[in-house]
Amino acid sequence: MRIIQAKNYEDMSRKGADFIAAQVLLKPNCVLGLATGSTPVGAYQRLAEKYRSGDLSFAQVTSINLDEYVGLSPDNDQSYRYFMNENLFRHIDIDIARTFVPNGLEKNAEKACTDYDAILAAHGGIDLQLLGLGLNGHIGFNEPADHFPCGTNCVDLTPSTIEANSRFFPTYDSVPKQAYTMGVQAIMQAGCALMLVSGKAKAGIVRQAFTGAITPQVPASVLQLHKNFVLIADEDALSEMKL
Ligand code: F6R
């Protein structure tokens, strides 16, 4: 596990984008595992800038996102497909046909999950998986549980995650209560797992996840066992860690 300390959110975003850009330069036809949420937005903006300035092309990249809310269509502005289109894909030259997000409209959960695992397998897994960190230690939407879910799974979101997500929705009741999420196996098998974390609110869970016991009650703690895990976090997020 490697920790790269950033000064603040801007610095974390720049370092994160540089890291992802290096992956794309090294392997132009790489598979990027991508995340949504507020944390990666700055890094996505930097990547779009690199594309606009002619320094980077995503023309051969495939992307496979971590998760999607159950029941939301791609054109729902709260869906993760919509988020990715708006925050990254429409600003770069990625072939939209090679961007994958779980199908939130698939009502048959088993089919939705099997289909997504088949997409992962067909692409030979992920070269670089970008991750954020939930306040409760979730990665993707793999919530604290008594085991690490292996493959793509349908999750009942915990009250704390629903609460955290409600900032993007008009009312608490309109926040979806379930999501399809990539499982822990695909994340652990990624050539590199890159996590971005910012802010004091995450300092406690960062300490717990990366200096505490490896337990499915803190899903991100499993990354301590990843062969190539890089944490880029700002000073606030690292403020409870003894480096
Ligand atoms: C998003 C995802 C989640 C978020 C996490 C942190 O695709 O998988 O695990 O990364 O909830 O969210 P933010 O960045 O909004 O704090």
Side-chain angles (χ1 to χ4, degrees), residues 6 8-10 12-13 16-17 20 32-45 63-70 72 74 76 78-89 99-104 113 116 120 126 128-145 148-149 152-169 175-184 186-188 190 193-206 208-210 216 218-223 229-234 236-237:
N8 49 31
Y9 180 82
E10 287 309 312
M12 176 206 73
S13 300
I20 297 165
L32 295 180
L34 296 177
T36 60
S38 44
T39 309
V41 171
Y44 290 158
Q45 286 167 353
S63 72
I64 305 185
N65 257 78
L66 280 167
D67 38 24
E68 178 60 284
Y69 289 120
V70 175
L72 296 198
N76 183 312
Q78 296 302 338
S79 74
Y80 285 171
R81 159 56 75 181
Y82 189 94
F83 174 101
M84 289 309 301
N85 289 347
E86 287 306 303
N87 285 285
L88 184 63
F89 298 152
T99 66
F100 298 94
V101 179
N103 180 3
C113 297
Y116 212 57
L120 280 158
I126 292 164
L128 171 66
Q129 176 64 56
L130 178 62
L131 296 164
L133 177 64
L135 283 170
N136 62 5
H138 70 215
I139 44 174
F141 271 140
N142 295 289
E143 298 279 46
F148 290 109
T152 302
N153 58 99
C154 179
V155 208
D156 293 327
L157 300 174
T158 61
S160 79
T161 298
I162 296 169
E163 179 65 42
N165 295 347
S166 67
R167 68 193 195 275
F168 301 114
F169 288 82
V175 186
K177 308 296 183 289
Q178 285 190 313
Y180 295 133
T181 181
M182 193 186 283
V184 167
I187 296 170
M188 290 303 283
L194 170 66
M195 178 177 276
L196 303 183
V197 193
S198 166
K200 267 240 163 0
K202 302 252 175 97
I205 193 65
V206 166
Q208 222 185 318
F210 304 122
V218 184
S221 64
V222 74
L223 293 165
F229 172 51
V230 179
L231 171 66
I232 302 181
D234 65 12
D236 282 345

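Both ligands and their constituent atoms are indexed starting at 1 by order of listing.
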Problem - Between Asn142 and Asp67: side-chain donor-acceptor atoms closer than 3.5 Å - result: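 Asn142 vs Asp67: no donor-acceptor pair found between side chains.
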Exercise for the section: Check each of Gly134, Gly132, Gly140 against atom 9 (O) of ligand 1 and report the one with the nearest heavy atom. Expected result: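 It is Gly140 that holds the nearest heavy atom.
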So how far is it from [X] [atom1] to [Y] [atom2], rounded to the nearest 0.5 Å?
X	Y	atom1	atom2	answer
Leu131	Leu194	CG	CG	7.5 Å
Gln129	Asn65	CD	CG	8.5 Å
Leu66	Phe141	CG	CZ	9.5 Å

Practice task
Give the numbers and elements of all ligand 1 atoms closer than 4.0 Å to a heavy atom of Ser38.
Solution key: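 In order of number, 13 (P), 14 (O), 15 (O), 16 (O).
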Applying a heavy-atom cut-off of 4.0 Å, say which part of [X] lies close to ligand 1: side chain, backbone, both or neither.
X	value
Leu66	side chain
Arg167	side chain
Leu133	backbone

Please list the nearest protein heavy atom to [atom] with its residue and the distance rounded to 0.1 Å.
atom	answer
atom 16 (O) of ligand 1	Lys202 NZ, 2.8 Å
atom 2 (C) of ligand 1	Asp67 OD2, 3.3 Å
atom 5 (C) of ligand 1	His138 NE2, 3.4 Å
atom 1 (C) of ligand 1	Thr36 OG1, 3.1 Å
atom 14 (O) of ligand 1	Thr39 OG1, 2.4 Å

Practice task
Would you please name every residue forming a side chain to side chain donor-acceptor pair (under 3.5 Å) with Tyr80, sequence neighbours left out?
Solution key: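 So Tyr80 forms a side chain to side chain donor-acceptor pair (under 3.5 Å) with Tyr69.
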Problem - Working for side-chain contact (heavy atoms from CB on, under 4.5 Å), residues Cys154 and Gln178 - result: CA-CA 7 Å; Cys154 179; Gln178 285 190 313; 3.9 Å; yes
Exercise for the section: Given side-chain contact (heavy atoms from CB on, under 4.5 Å), test Leu135 with Lys202 step by step and report yes or no. Expected result: CA-CA 6 Å; Leu135 283 170; Lys202 302 252 175 97; 4.1 Å; yes
